[in-house]
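Everything numeric here is computed off the predicted structure, so don't read it as measured data. Order of the sequence lines fixes the chain letters, A, B, ..., with proteins taken first and strands second; residue numbering starts at 1 for each chain.
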There are 2 protein chains.
Amino acid sequence: MTRTAFRRSSLFASAALVAVVSGTGGFAQTAPEGHGDGPAAAYQPSMTTLGELNVEIPGRKPGDPVVTPSEYQRANTIYFERCAGCHGVLRKGATGKALTTDITRESGFELLRDFITYGSPAGMPNWGTSGELTEEDVDLMARYLLLEPAEPPEFGMPEMRASWQLIVPPEERPTEKMNDIDIDNLFSVTLRDAGQIALIDGASYEIKAVIDTGYAVHISRISASGRYLFVIGRDAVVNMIDLWMESPDTVAQIKVGSEARSVETSKMAGYEDKYAIAGSYWPPQYVIMDGDTLEPLKIKSTRGMIYDEQTYHPEPRVAAIVSSHYRPEFIVNVKETGKILLVDYSDIANLKVTEIEAERFLHDGGFDSTKRYFLTAANARGKVAVIDTKEGELVALLETDGQTPHPGRGANLDHPVYGPVWATSHLGDDTVALIGTDPEGHPDHAWKMVQQLYALGGGSLFVKSHPTSEHLYVDAPLNPDAEVSGSVAVFKVPELDQEEPEYTVLPIVEWAGITEGQPRVVQGEFNKEGTEIWFSVWNAADLTSAIVVVDDKTLEPKHVIKDERLITPTGKFNVYNTRADVY
Amino acid sequence: MTRTAFRRSSLFASAALVAVVSGTGGFAQTAPEGHGDGPAAAYQPSMTTLGELNVEIPGRKPGDPVVTPSEYQRANTIYFERCAGCHGVLRKGATGKALTTDITRESGFELLRDFITYGSPAGMPNWGTSGELTEEDVDLMARYLLLEPAEPPEFGMPEMRASWQLIVPPEERPTEKMNDIDIDNLFSVTLRDAGQIALIDGASYEIKAVIDTGYAVHISRISASGRYLFVIGRDAVVNMIDLWMESPDTVAQIKVGSEARSVETSKMAGYEDKYAIAGSYWPPQYVIMDGDTLEPLKIKSTRGMIYDEQTYHPEPRVAAIVSSHYRPEFIVNVKETGKILLVDYSDIANLKVTEIEAERFLHDGGFDSTKRYFLTAANARGKVAVIDTKEGELVALLETDGQTPHPGRGANLDHPVYGPVWATSHLGDDTVALIGTDPEGHPDHAWKMVQQLYALGGGSLFVKSHPTSEHLYVDAPLNPDAEVSGSVAVFKVPELDQEEPEYTVLPIVEWAGITEGQPRVVQGEFNKEGTEIWFSVWNAADLTSAIVVVDDKTLEPKHVIKDERLITPTGKFNVYNTRADVY
């Protein structure tokens, strides 16, 4: 579908207006009840100033599409769960395109419906044909996008404290490990739509616990001591899980906003397990919490100027956060303003923040193999920024020659020609960029893109390797083609000196023996030893999912984990590799 | 008038609604033209989302007071020029009370009108009886306050650059001083309502130049070299004046927002004249500029969390800024969130800001006599915060036992009992607080309020002394009583060891020989030598004003400066004393 076709296929004139019938609606569960009881209220006007008014819509004709309040509520929930991550709560776009009403009304209902149904090779998932949204829901979302977005409420200290639950205070927790789990080889597995994580033993593949968490846990992080597991849902619920308990479980929980992605814990020597930090998409802010209890201590807004234009952005979302090994700092990516923050946690009452101008649409990233340099994608700008966490400065900003780099934490390889390199794949095409990371041993190649590989196709989310592995794994879960999204490409690192290195295709879905739905294979994760890599086979919530364990030496399937509790598994985090930043 | 009377005297029921007839209005000159052409648009709804809509007001009755679009425009201008400084653009209150519509509608039209007309002893000026507002304007403002405030637009880099004028580039400026002015003894005098400053020679009292500036210049600051004078209007226009030119004049100008108060220049050794900074009330932000040209380099928003409650504040205004003598830092007061920022200007592309939790409603302040400690009032909280600018930390937060301390930069005295102390008077009562500032020589009294003096009355804005002077001068320009607002109290510093030190009253207005209007005597400022103190006699714009020069030794009038160009003189800044932070 070409851009021209996109623009012309418009059901409504650009000035067409749609209405929310009778009610002001609101954002998900958090909005106040609407006051409107007149015939029509539209555009989701600011509830604080217009809550008491009914708004007449000039130009609205009988027959224009409408959204009922309950539909609007449902659409808000779907938008939040499925769309806001890439398109933004205020729909100003980031990883995904902007969906403000000037654009959506130009496109019109039919085109929006088709895009949502079929997706695009550039990274938009095929929500309809994959079965993830019903035809009715797709229809609703296309109508919903013609309306102005609702601005969700602020979420400050009173709201956080009200949500905070200290379920097991530190003094009531065990003083030694009470179970025989090999904690360092445990995998924390996101059960996306179930709002849970599963803790799976890396040796026996046994599910040790399934723990209720926020919705669609985005990442798991491990405290420096290895005892506490932190997970954060897209709904901004943070769970702190004590892995020493007889049956590991949540000891503290907090909600830090209405939408979030990132959690991390202090790792600098002297600050182990002392603080946790969570970054929110909405409100645009981060919060530093006590590392033992999740008590919220300090909230800092990220609203401010875009680094280059220096115009005000109302929604600079917090993306990846990593914890420096060299200084008492969290390194915080602020997406829309393109700033990388060095947040000094040594004195949080007098918080010192260094704001590094980098590039817009900062998203995810990880350390090089020495853990000194943080490489992070400015994904909608096709760039990677490199921060020296020891000196606290930007050392490079380079293009990845691909569309929308999405590294996760990236993968560190020992390249036969270029020495230590870090890899990222791309959401928007089939390329993999290798970037030199060794300014001492390979200064000519440091912070340059040294090689481009071609993998299965667009829609890749993660690459993976391990210090003991000679393989680079590349997934493509968001590719609309079921064969592509169901497979993984593997490059042999010693063969990367070839002109066009070839890859092996692992038919993971086939190995899982799943024939229904379009299960997506996502996020390889190594066990502690680096001998096995696990892939999630992520199917719709009412269909069978699985985890396929692959032998890293033979590239043969070694085990398939299936369990009725394994609903929509996505991210997996090996405790040791995550704690030590091994990837 | 008691609080009870205030609440009961309500013309309208609390739910009464008023309307702007036919038009969306807008903020001063900067708002886009309204689109509304229907019968009524009210509450100044967000122009970005509701600009195209006409809003029906349920419950509005014929005969409810209305504001026409041109009246609304005029009221916005008056509000901005007279009211926003204390009450806030969004009317959330700070130095003055909150004026949000929940409060103003409860009060009602009549009470608002009376308050605006007669003022209050707690610091609200008597705008009506002083003749500064006509009866019609007072009536308009009372109606205007029943409407929702308009939110002015953002003002980012594109707007700043568009406003920036480099009138004389550095290479075209003189390479040596081209005039015979004794620059160090020049006074930069704000001509408030004329939108000008006068440069007056400290020896001959001759007006050397009158220069067009922004409206109601709030302060003048001098570059470290003593060559450049920076002034900022309440309308956020910054003028940079070259004092080396044959006739000193503006060499660069910029507008940094729609409302502002503070400008400062870098003073750390090695950074002399390198940067300037201006802080805005709206938008809530500050901008670092090139010290030679005023080219805007870096804008930083101050929107964020209130220090104690940690709830989001949309309008944390930038109040006083001073320049550290110990580190390459600007020290920036953020009023509503109660944070004092240490803004490190040594690397502005990677701006490092330390956010010190202090107290809400930070306003003005100045250094102790050693220039190491910054004492600043959290005025609506009745407190003074003390920052050690060498160590970069809060060393004290103390109460001043008075209502709304307003120190200006304060006054440093050598107290017969307590040694070096710093003084502030109060907007809301007649007290003067003396605070010990000598942790080495007088550790028991350091950062404690050591003495309370009683001066003429409430409505004081400034105290003043000088290292060579044995006097402390206290004004009371906002006192509704003409005799009080027309006089100055003088304490003898050596007599401050007495139980209840007495003061001498200087009848400044009488000495000026002005009999019409209610001229207010404001802001004593010493000459360089410290032998004379100048007071502005600030009358209405169409009446005669003056500057009265008092001999500091004899407390006798020495000279009266009268000139038809001397329209509404207020603040005066002696070049040397301002540059060297002598006060």
Quick check for you: among A/Ser301, A/Gly156, A/Pro296, which has the greatest number of heavy-atom pairs under 4.5 Å with chain B?
A/Ser301

Top contributor to chain A contacts, counting heavy-atom pairs under 4.5 Å, from [options]:
options	answer
B/Asp344, B/Thr302, B/Ile299	B/Ile299
B/Arg303, B/Met305, B/Glu393	B/Arg303
B/Glu159, B/Glu309, B/Arg161	B/Glu309

Trace of the side-chain contact (heavy atoms from CB on, under 4.5 Å) decision for B/Lys298 with A/Glu357
CA-CA 11 Å; B/Lys298 180 92 175 187; A/Glu357 297 178 359; 2.7 Å; yes

By ring-ring contact (aromatic ring centres under 6.0 Å, His included), which residues pair with [X], not counting sequence neighbours?
X	result
A/Phe330	A/Tyr345
B/Trp164	none
A/Tyr281	none

Residues of residues 346-355 of chain A with a heavy atom under 4.5 Å from any heavy atom of chain B, in residue-number order, are A/Ile348, A/Ala349, A/Asn350, A/Leu351, A/Lys352, A/Val353, A/Thr354, A/Glu355

Please look at A/Gln285 and chain B and tell me whether the side chain, the backbone, both or neither of the residue comes under 4.5 angstrom of a heavy atom of that chain.
side chain

